Amino acid sequence: MTDDRALAGELATAAGELLLDIRRNSGLSGRELGDAGDRQADDLILGRLAEERPDDAVLSEESADDKSRLGASRVWIVDPVDGTREYGTTDRTDWAVHVALWSATDGLIAGAVALPALGVTYLDDDTAVEPAEGLASRPRSGVPRVVVSSSRPPAFADEVAAAMGGEVLQMGSAGAKAMAVVRGEAEAYVHAGGQYEWDSAAPVAVAKAKGLWCGRIDGSPLVYNNEDTYLPDLIICRPEYTEAILTVTTEGAGG
Ligand SMILES: Nc1ncnc2c1ncn2[C@@H]1O[C@H](COP(=O)(O)O)[C@@H](OP(=O)(O)O)[C@H]1O
Ligand SMILES: [Mg+2]
């Protein structure tokens, strides 16, 4: 049987290829393209999970949450298209497919983030990631970058960049921003003000495996498979920036 990590990678990659095909060939654009992509990628991933892991529960952004996952020992946490707005915009590369696996005893135990427009899928393994470009233009040398949401940047973005001695860069998709840090295109990703478990579970599984610090803006751990799936804030950063970032964000978090 395929192991869980390999299956997460296979599903994220397959959904990404389907999404590229829909984007090229459906004649749809914008919102309609996003809706079609969300629905078809969700069908593919959940269909394969039902075949390959029939005993596991699933939490997906695009399917009803019947809460059976709350008593389950294993839950797949899926975002079929993260950065739906960017997926619907021609030539944008900052969108992703997220497939993670959570266990009641160990938390996140597998994760895959596909960046289909760049033809790459990252897993929560210990393979080193070579520095790459494709999500952002080359940074001014030596200037650390904090990536934030382009549509809903956190109020403290500028302050965080100042504390890092760096600059702010806006980008779509939680998965793409997290992978920008994994790829060395940025040093930190910070978010506040709203998000759900599927937006961060797979990116956090991958980022942790690659040695990045991941947590809430008050410094507490990110915890998954809660009854309420709202998980509004996070930091993913190179460990050497954690302290500087938390100094700013714990104030914003009321800490
Ligand atoms: N304030 C907020 N409330 C709810 N969800 C939010 C949010 N800000 C960002 N998100 C979600 O987080 C993901 C990344 O957002 P962004 O691109 O702005 O960084 C998006 O997921 P989806 O594209 O899967 O809906 C978006 O919907
Ligand atoms: Mg999302």
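Position 1 is the first residue of the sequence; numbering continues from there. For ligands, and for the atoms within them, numbers begin at 1 and follow the listed sequence. Just so it is clear, the model here is predicted, and its values are computed rather than measured.
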* Asked: Just heavy atoms, cut-off under 4.0 Å: does Ser173 contact ligand 1 by side chain, backbone, both, or neither?
  -> backbone
* ligand 1 contact on Lys177 by region, counting heavy-atom pairs under 4.0 Å -> side chain
Would you mind running through ligand 1 and noting each atom that sits below 4.0 Å from a heavy atom of [X]?
X      : result
Asp79  : 24 (O)
Ser151 : 18 (O)
Thr84  : 23 (O)
Gly172 : 17 (O)
Ser149 : 16 (P), 18 (O), 19 (O)

* Asked: For Val143 and Gly166, which heavy atoms make the closest approach, and how far apart are they?
  -> CG1-CA, 4.0 Å
* In this structure, are over 12 heavy atoms from other groups packed under 6.0 Å from Asp66 atom CG? ->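 It does: Asp66 CG has more than 12 such atoms within range.
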* Would you call Val206 and Met179 a side-chain contact if the rule is heavy atoms closer than 4.5 Å? ->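 Yes, close enough: below the 4.5 Å cut-off.
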* Within-4.5 Å side-chain heavy-atom neighbours: Leu46 and Ser60 -> yes
* Asked: N/O of Glu61 under 3.5 Å from N/O of ligand 1, yes or no?
  -> yes
* Ion pair Lys210/Asp125, N-O distance below 4.0 Å ->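 Here Lys210 pairs with Asp125 in a salt bridge, since their nearest N and O are under 4.0 Å apart.
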* Any protein heavy atom nearer than 4.0 Å to atom 15 (O) of ligand 1 -> no
Please state which protein non-hydrogen atom is closest to [atom] and give its distance, to 0.1 Å?
atom                    : result
atom 20 (C) of ligand 1 : Asp82 OD1, 3.8 Å
atom 11 (C) of ligand 1 : Asp199 OD2, 3.7 Å
atom 1 (N) of ligand 1  : Gly193 O, 3.2 Å
atom 23 (O) of ligand 1 : Gly83 N, 2.7 Å

* With distance as the sole test, does Arg183 use its side chain to make a donor-acceptor pair with the main-chain N or O of Glu130 at under 3.5 Å? -> no
* To do: Compare Gly194, Pro232, Ala174 and give the one whose heavy atom is closest to atom 6 (C) of ligand 1.
  =>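 Among Gly194, Pro232, Ala174, the closest heavy atom to atom 6 (C) of ligand 1 belongs to Gly194.
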* To do: Name the option, out of Gln195, His98, His191, Arg152, that contains the heavy atom nearest to atom 27 (O) of ligand 1.
  =>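 Looking at heavy atoms only, Arg152 sits closest to atom 27 (O) of ligand 1.
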Could you tell me whether the side chains of [X] and [Y] share a donor-acceptor contact shorter than 3.5 Å?
X      : Y      : result
Asp218 : Thr250 : no
Asp233 : Gln195 : no
Asp56  : Trp76  : yes
Tyr224 : Thr229 : no
Ser63  : Asp42  : yes

* Whether Val81 lies under 4.0 Å from ligand 1, heavy atom ->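 Right, Val81 reaches ligand 1.
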* Would one find an N, O or S atom of Asp82, in either backbone or side chain, under 2.8 Å from the Mg ion (ligand 2)? -> yes
* Structure fact -> Vertex the Mg ion (ligand 2), ends Asp79/OD2 and Asp199/OD1: angle to nearest 10° comes to 110°
